Amino acid sequence: MVVFDLVKRWLVACGFETTYVRNITDIDDKIIKRAAENNEPIEKLTARFIEAMNQDAAALGVHMPDIEPRATANVPQMVRLIAALIDRNLAYQAPNGDVYYSVHKFPGYGKLSGKTLDELRAGERVEVDASKRDPLDFVLWKSAKPGEPAWDSPWGKGRPGWHIECSAMSERYLGSHFDIHGGGQDLQFPHHENEIAQSEGAHGHTFVNYWMHNGFVRVDNEKMSKSLGNFFTVREILAKYDAEVVRFFIVRAHYRSPLNYSDQHLDDARGALTRLYTALKSVPARAANIDWNHPQAARFREAMNDDFNSPEAVAVLFDLANEVNRSQSSSVAALLKSLGAVLGLLQRNPEEFLRGDLPDGWTVARIEEMIVARARAKQARNFAESDRIRDELLAAGIVLEDGPAGTTWRRK
């Protein structure tokens, strides 16, 4: 979500008229199972998780998409698309009532992932289903089961398969041919491959101009997964780390690269972001219109235009921060803040970020009182007491910084 928020931000910054659609699957086997276990309506379950998802996204600085359609509100579009595939002899209704896509009848199947039908059959890991004409065929419409939600269709009551949802919703809101389709690397096959087969099979022309797939989140170089027991939720991480630190951790890696999660990497990200905010603290500035002729701004633009090379764009921010520290230039600080805004970073009051959450038992008033007491001790030349106060604060993770305007503090 952070990756494609970054993509949207950059396209807008470049002046493109951009429509961002992020669709929601609010009906599938797992949802039905969980709702039954909880003894709650499916609509209530999905509404709760959608709200939680949007809260977590907002915390990470992810803007809401322009359109966020739900599968259950677009079933008629899916029925029409399935009917078009049947009319073109690319889909069939099986004896069990389900409707399947006939993969071998679509000549381009495998062109996104580089897989051939022969290779897929040789290493077959597809669920065996006697109703299919070919083990590689995938379901478009599932016939109704007792107690499950169902919609009317020409093939009887049932509900759509997962793959058809995305083809139908993207067509409704972006058209049958659009520019960019994104998702995780794990969706390239079979999900996105199946979308191509559905959409191009139904319409007879190119579905998407550019496919973008972001890398996996990994823990100790293994894919994060519940089965491995190395699974963390966003909320668990946000309980330990500032949300902007987490966003910065994601943004400073290239979107196609694996993202190796660890507390050490988050600590490194926090230290790096602290350096940027420290520069802005020394020279307060407001975000302004970006002068793309400035050498550093031009370098930033070149990086982002090169397949959204955010690591190089972040390197520009650090060079600007170094320049701010050397020159104390307000115009350079403004450029730093403005380019940070493009990445969804550096828009808070530097003092607010640098102070962060206080340790248990500490308040701003207590810290300020100790700073005043330390100043009095120094004035009385009681340096031992002054050092003691500084060390007590440092032990609590609070760093004092003495400057011409007095003493300020921040979290370590």
Side-chain angles (χ1 to χ4, degrees), residues 1-11 20 22 25 53 56-57 59-62 110-115 119-120 123 125 162 166 180-196 208 210-273 275-276 300 302-318 340 342-345:
M1 295 171 84
V2 171
V3 163
F4 293 103
D5 177 70
L6 182 66
V7 170
K8 167 71 184 291
R9 285 171 181 263
W10 181 242
L11 294 174
Y20 178 26
R22 185 176 72 201
T25 295
M53 176 193 72
D56 292 342
L60 293 170
V62 175
K111 63 183 178 180
L112 178 66
S113 56
K115 301 177 185 293
E119 288 171 342
L120 290 170
R125 296 175 60 188
W162 176 39
C166 300
I180 300 174
H181 194 319
Q185 284 179 352
D186 53 333
L187 298 182
Q188 186 182 66
F189 182 85
H191 183 51
H192 289 164
E193 201 74 73
N194 291 350
E195 281 191 68
I196 292 173
V208 171
Y210 303 100
W211 289 88
M212 295 181 64
H213 297 97
N214 60 276
F216 291 128
V217 177
R218 306 176 74 86
V219 177
D220 295 329
N221 293 313
E222 288 189 300
K223 181 185 173 184
M224 183 183 286
S225 68
K226 290 182 180 179
S227 61
L228 292 174
N230 62 353
F231 185 85
F232 307 101
T233 66
V234 173
R235 292 197 172 184
E236 288 169 340
I237 295 169
L238 294 183
K240 295 173 62 177
Y241 292 96
D242 182 277
E244 190 174 354
V245 169
V246 179
R247 183 183 178 95
F248 179 79
F249 163 70
I250 297 169
V251 166
R252 74 171 180 175
H254 192 270
Y255 77 89
R256 286 190 285 107
S257 301
L259 194 64
N260 200 29
Y261 174 87
S262 71
D263 284 357
Q264 180 182 346
H265 289 149
L266 266 293
D267 290 338
D268 290 346
R270 179 166 55 194
L273 193 56
R275 292 200 297 276
L276 295 177
F300 183 100
E302 183 180 359
M304 291 300 289
N305 281 343
D306 181 16
D307 195 20
F308 305 93
N309 188 350
S310 57
E312 179 63 20
V314 168
V316 171
L317 300 186
F318 281 103
V342 175
L343 303 179
L345 301 169

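Just so we're clear, the structure is a prediction, and the values are computed from it rather than from any experiment. Heavy atoms only: backbone and side chains are in, while hydrogens, waters and symmetry mates are out.
Between Trp211 and Gln188, every side-chain heavy-atom pair lies at or beyond the 4.5 Å cut-off. In this structure, the side chains of Leu60 and Asp56 stay at 4.5 Å or more apart for every pair of heavy atoms. The shortest side-chain heavy-atom distance between Phe231 and Val219 does not fall under the 4.5 Å cut-off. Contact check for Val3 versus Phe308: no side-chain heavy atoms found under the 4.5 Å cut-off. Counting heavy atoms from C-beta on, the side chains of Leu120 and Phe189 come closer than 4.5 Å. Considering only heavy atoms from C-beta on, Glu302 stays 4.5 Å or farther from Glu312 through its side chain. Side-chain contact between Arg22 and Lys8 is absent, with no heavy-atom pair separated by less than 4.5 Å.
Asp242 contributes atom CG, which lies 13.0 Å from atom CD1 of Ile237 (distance to the nearest 0.5 angstrom). Between the CD1 atom in Ile250 and the CG atom in Asp5 there is a gap of 10.5 Å [rounded to 0.5 Å]. Note that CG of Asn194 is 11.0 Å distant from CG of Leu187, once rounded to the nearest 0.5 Å. In this structure, the separation between OG on Ser113 and NE2 on His192 is 11.5 Å, given to the nearest 0.5 Å. Rounded to the nearest 0.5 angstrom, Leu266 CG and Leu273 CG are separated by 11.5 Å. Here the CG-CG distance, from Leu345 to Leu317, works out to 7.0 Å after rounding to the nearest 0.5 Å.
Inspection of the Asp307 and Tyr255 side chains reveals an N or O donor paired with an N or O acceptor under 3.5 Å.
The minimum heavy-atom distance between Pro311 and Ala253, with the atom names listed, is CG-C, 3.7 Å. Across all their heavy atoms, Leu238 and Ala59 have their closest contact at CD1-CB, 3.9 Å. In plain terms, the two heavy atoms of Ile180 and Val208 that are nearest each other are C-CG1, 4.2 Å. Residues His265 and Asn260 approach most closely at ND1-O, 2.8 Å, considering heavy atoms. Shown here for Ser310 and His254, the closest heavy-atom pair between the two residues is OG-CA, 4.4 Å. In terms of heavy atoms, Ala272 sits closest to Arg252 at CB-NH1, 3.8 Å.
With Glu193 contributing its side chain and Leu112 its backbone, the two residues share a donor-acceptor pair below 3.5 Å. Using modelled atom types, one side-chain atom of Gln185 and one backbone atom of Arg256 make a donor-acceptor pair closer than 3.5 Å. Between the side chain of Arg247 and the backbone N or O of Leu343 there is at least one donor-acceptor pair closer than 3.5 Å.
Using bins of under 30°, 30° to 60° and over 60° for the plane-to-plane angle, the ring pair His191/Trp162 lands in the parallel bin. Classification of the Phe248-Phe318 ring pair by plane angle, with boundaries at 30° and 60°, yields perpendicular.
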Before you tell me yes or no, could you show the steps for Trp10 and Asn305 under side chain to side chain contact (heavy atoms under 4.5 Å, CB included), namely the whole-Å CA-CA distance, both residues' side-chain angles and the distance that decides it to 0.1 Å?
CA-CA 9 Å; Trp10 181 242; Asn305 281 343; 3.0 Å; yes
Could you go through the side chain to side chain contact (heavy atoms under 4.5 Å, CB included) check for Val7 and Tyr20 one step at a time?
CA-CA 10 Å; Val7 170; Tyr20 178 26; over 6 Å; no
Show your working on salt bridge (Lys or Arg N to Asp or Glu O under 4.0 Å) between Arg270 and Asp267 and close with a plain yes or no.
CA-CA 5 Å; Arg270 179 166 55 194; Asp267 290 338; 3.0 Å; yes
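Under a cut-off of 6.0 angstrom, the local environment of CD in Glu236 is crowded, with over 12 non-hydrogen atoms contributed by other residues, nucleotides or ligands.
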